[in-house]
Amino acid sequence: MKHSEYSAVIVGSGAAGLYAALKIARQSALPDGVLLLTKSKLGESNSKYAQGGIVGVVNQNNIDSTDLHVADTIKAGAELNDVSVVKYISEISDSVINDLIDIGVPFDKDSNGNIKFTLEAAHSVKRILHIGGDATGKGIVDALSKKVREDSNITVVEHSIAVELLTNADSECKGLIIFNELTGEHEIIYTPATILATGGAGQVYKFTTNPDGATGDGIDLAYNAGAIIQDMEFIQFHPTALAISPTNKNRFLISEAVRGEGAKLIDKDGKEFMSNYHDKKELAPRDIVTRAIYNEMQKKHTSNMFLNASIIDKTRLLERFPTISKKCIDNGIDITSSPIPVAPAAHYLMGGVKAAVSGKTSIRGLYAIGEVACTGFHGANRLASNSLLECVACAYELADYLSFANLQTPKKIDTQILKTIETYSSPISDADYDITSLKQELKDIMWNNVGIIRSEEKLLDAQAQIDILHKNFNRTRKCLNTEEYEYRNMLTVAKLITIAALNRKDSIGAHTRFDNIKNINTNKELEYAK
Ligand code: FAD
Ligand code: SIN
């Protein structure tokens, strides 16, 4: 097998991976350069589709403070957050946002040149920066991708998927195996620093706001290498994804910022319902709004509710949400006059590879940043727009940490690593799997049994069904192509979510157990749960 050496390898080109590549390339002594590996095109990621914005606790005339942001984050996270991590990230947000501005990230400004801030659910004040109104992710990814392409210390390899980590007998990570989709070959990469920035896993659910690539690959890689994985039961379901037909599965997001600007949730008869559930109504924490919509859908036997944005001033609405309004127009909905059909969809993974703010995991030489990581910042439920902040804050800290590390490429390859390499150089059976159908089957199981409202009975049923899918897929590690690798990874992630959901018997944050509802805000949210 072909092999190469790099001082650091970053897997994934969303906000976390792109920013980490730039910072590491600029700050560290890199005898063998940085590799940025990504399984699709550079920048194709969840990050690219982020709408609402990024939290910045920056100096805006003393309106905001890190204390206030920390309190909001911990309240949304049902106090399961790591308080020291929340404080740390909140406090460095100012430096990181200013660094992004220096790099050329074009946050929206008013006519006086001051940055504009918006409000989202469960934030006490307007503290969210945005780009192009509702295209924040694209703005960040485009600006960072441009700089990455220009940096001669960074090698970009697209259409290549990381498929296995190389750990030695001392449980240290010494590199990885990749599958290059263009050549159809497996390759070995040795490095002292393997950085997972592989994002989330929304694709394990039937309905999701996440693009096709969000298959939880980094979780499978780290789990298989023996890293600690935690909090997998905490999946955030966004309340308002565009529900144009009961069968459209990757659902376009209708940003929470639309509710932040005043839009109201209504049923098909035009009746508002959020005041029955929470005094903050549409701006209650996400888990509460999601369960309320779900409950109303069950009660009224419909597959969606509606978001009425037409009450917002027309000029403001179109200026603030150009991407959303265009997407709706393309689907025959004029948001200035018609309500938008919305329903919940899997959106964000709070759990993941246990990592410090610097990305350090339980395995030496392996780092995890962004959505794939679980630093304890989000607790049981993420506060809106805190994710992009975590991506860049942790990339920033990781680059700082690595600037003091020895980034010499490993020279000693032990028998454990040789055995792994052998697995990938040996032939496998050419059994023909219908991966599209298998993925769909898994996504249905997860949506129906491990979704918004859970119970022991349904979780056990899911576990049994996932076990059967596992047994029927005769690829232990090496697969034939990217689709098979993604399905392999989705099976691992589905199994880990289900086990974690079974183990946590209480309802808390985004994890709702119908068979134990004592922490749920109002019993009304579960009236029609089955
Ligand atoms: P991603 O951006 O998902 O990037 C992961 C990268 O890894 C991709 O390039 C992928 O192709 C690559 N990859 C994955 N596996 C492999 C592999 N095995 N080998 C090689 N490459 C691999 N958060 C906010 O804070 N504010 C928002 O406004 C907001 N809006 C959102 C809107 C939508 C529609 C969605 C889906 C999410 C939103 N979020 C938002 C959440 C946020 O966008 C994500 O949590 C964040 O962007 C994750 O960034 P990341 O860099 O960790 O991962
Ligand atoms: C949104 O714009 O509603 C998404 C924000 C987020 O997920 O943080």
Side-chain angles (χ1 to χ4, degrees), residues 9-20 36-55 76 118 120-121 123 128-131 134-138 140-141 144-145 157-165 176-179 181 196-203 208-221 236 238-242 250-260 286 289 321 323-324 345-350 352 368-373 378 382-392 394-395 482 485-486 488-489:
V9 176
I10 296 149
V11 186
S13 64
L18 289 166
Y19 189 52
L36 180 56
L37 177 82
T38 195
K39 68 176 173 177
S40 178
K41 280 198 162 135
L42 189 73
E44 178 52 35
S45 57
N46 277 10
S47 301
K48 186 174 151 187
Y49 301 97
Q51 294 181 359
I54 177 168
V55 163
T118 193
E120 285 183 316
H123 284 275
I128 294 147
L129 297 86
H130 45 84
I131 301 170
D134 57 359
T136 308
K138 185 169 181 313
I140 294 176
V141 166
L144 296 179
S145 299
V157 172
E158 299 170 302
H159 301 289
S160 290
I161 179 172
V163 299
E164 192 89 32
L165 299 176
L176 63 163
I177 307 260
I178 70 170
F179 173 73
E181 172 172 283
L196 297 176
T198 49
Q203 283 295 325
T208 179
T209 62
N210 293 190
D212 287 343
T215 48
D217 299 3
I219 309 281
D220 172 273
L221 296 179
Q236 183 170 78
H238 197 291
T240 56
L242 181 63
N250 281 6
R251 290 188 157 169
F252 179 79
L253 185 74
I254 306 295
S255 174
E256 201 156 81
V258 183
R259 280 174 281 133
R286 248 176 219 183
V289 184
F321 303 110
T323 315
I324 293 174
H347 183 59
Y348 185 82
L349 174 65
M350 268 77 72
I369 51 170
E371 191 167 341
V372 68
H378 307 301
R382 177 178 63 95
L383 185 68
S385 291
N386 260 349
S387 169
L388 287 172
L389 171 61
E390 188 192 36
C391 287
V392 289
C394 293
T482 301
Y485 277 118
E486 289 184 339
R488 179 199 77 176
N489 300 339

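Whatever order the structure lists them in is the order used to number ligands and atoms, beginning at 1. These numbers come from the heavy atoms of this one structure, side chains and all, not from hydrogens, waters or symmetry mates.
- Scanning the protein for heavy atoms near atom 31 (C) of ligand 1, the closest one is A50 CA, 3.4 Å.
- Nearest protein heavy-atom contact of atom 7 (O) of ligand 1 is G12 CA, 3.0 Å.
- Atom-to-atom distance recorded for N386:CG and I128:CD1 is 8.5 Å, nearest 0.5 angstrom.
- Using a 4.0 Å cutoff on heavy atoms, R382 counts as a contact of ligand 2.
- In summary, the atoms of ligand 2 found under 4.0 Å from a heavy atom of S385, numbered by their order in the structure, are 6 (C), 8 (O).
- Checking only distances, H347 does come within under 3.5 Å of ligand 2, N or O to N or O.
- For ligand 1, the atoms closer than 4.0 angstrom to any heavy atom of Y348 are 45 (O).
- Salt bridge absent: E390 and R382 never bring a charged side-chain N and a carboxylate O closer than 4.0 Å.
- Below 4.0 Å from some heavy atom of H238 lie the following atoms of ligand 2, by number and element: 1 (C), 3 (O), 4 (C).
- Among the atoms of S255, some N or O lies under 3.5 angstrom from an N or O of ligand 2.
- Heavy-atom contacts of C391 reach the following atoms of ligand 1: 46 (C), 48 (C), 49 (O), 50 (P), 52 (O) (cutoff under 4.0 Å).
- Every atom of ligand 2 with a heavy atom of L253 under 4.0 Å away is listed here by number and element: 1 (C), 2 (O), 3 (O), 4 (C).
- In this comparison of S40, S47, G200, the heavy atom closest to atom 2 (O) of ligand 1 sits on S47.
- Looking only at heavy atoms of the protein, atom 22 (C) of ligand 1 is closest to K39 CG, 3.7 Å.
- Looking only at heavy atoms of the protein, atom 19 (N) of ligand 1 is closest to A162 N, 2.9 Å.
- Of the candidates E120, H130, E44, it is E44 that places a heavy atom closest to atom 10 (C) of ligand 1.
- Annotation for ligand 1: atoms under 4.0 Å from non-hydrogen atoms of D217 are 15 (N), 16 (C), 17 (C), 18 (N).
- Short contacts between ligand 2 and E256, defined as distances under 4.0 Å to a heavy atom of the residue, involve ligand atoms 1 (C), 2 (O), 3 (O).
- Using a 30° and 60° split on the angle between ring planes, Y485 and F179 fall in the tilted class, from 30° to 60°.
- Near N386, meaning under 4.0 Å from one of its heavy atoms, ligand 1 places the atoms 25 (O).
- Atom numbering of ligand 2 starts at 1 in the shown order; those under 4.0 Å from a heavy atom of A384 are 8 (O).
- For ligand 1, the atoms closer than 4.0 angstrom to any heavy atom of G14 are 2 (O), 4 (O), 6 (C), 9 (O), 51 (O).
- Residues E256 and H238 have side chains in contact (heavy-atom distance under 4.5 Å, counting atoms from C-beta outward).
- No donor-acceptor contact under 3.5 angstrom links the side chains of H130 and T136, judged on distance only.
- Contact of the R259 side chain with the V289 side chain is registered, since non-hydrogen atoms from C-beta on lie closer than 4.5 Å.
- Counting heavy atoms only, G53 comes closest to atom 26 (N) of ligand 1 of the residues G17, G53, S387, G52.
- Shortest contact from atom 52 (O) of ligand 1 to any protein heavy atom: E371 N, 2.9 Å.
- Closest protein heavy atom to atom 51 (O) of ligand 1: A16 N, 3.0 Å.
- Per-residue contacts place L253 under 4.0 angstrom from the following atoms of ligand 1 (heavy atoms of the residue considered): 32 (C), 34 (C).
- Checked against a 3.5 angstrom limit, the closest N/O atoms of N386 and ligand 2 fall outside it.
- Counting the atoms of ligand 1 from 1 in the order shown, those under 4.0 Å from a heavy atom of Y49 are 32 (C), 33 (C), 34 (C).
- Below 4.0 Å from some heavy atom of G370 lie the following atoms of ligand 1, by number and element: 52 (O).
- Considering backbone and side-chain N/O of G52, one or more are found under 3.5 Å from N/O of ligand 2.
- Using a 4.0 angstrom heavy-atom cutoff, R286 counts as in contact with ligand 2.
- Counting only N and O atoms by type, the side chains of K39 and T215 include a donor and acceptor under 3.5 Å apart.
- Checking R382, H347, Q51, E390 against atom 33 (C) of ligand 1, the nearest heavy atom belongs to H347.
- You'll find the side chain of P239 reaches within 4.5 Å of the side chain of R286, heavy atoms only.
- Atom 53 (O) of ligand 1 has G199 CA, 3.2 Å as its closest protein atom, hydrogens excluded (heavy atom only).
- By the 4.5 Å heavy-atom criterion applied to side chains, I140 and S47 are not counted as neighbours.
- Looking only at distances, no side-chain donor or acceptor of Q51 sits under 3.5 Å from a matching main-chain atom of D134.
- Residue, atom and distance of the protein heavy atom nearest to atom 36 (C) of ligand 1 are N210 ND2, 3.3 Å.
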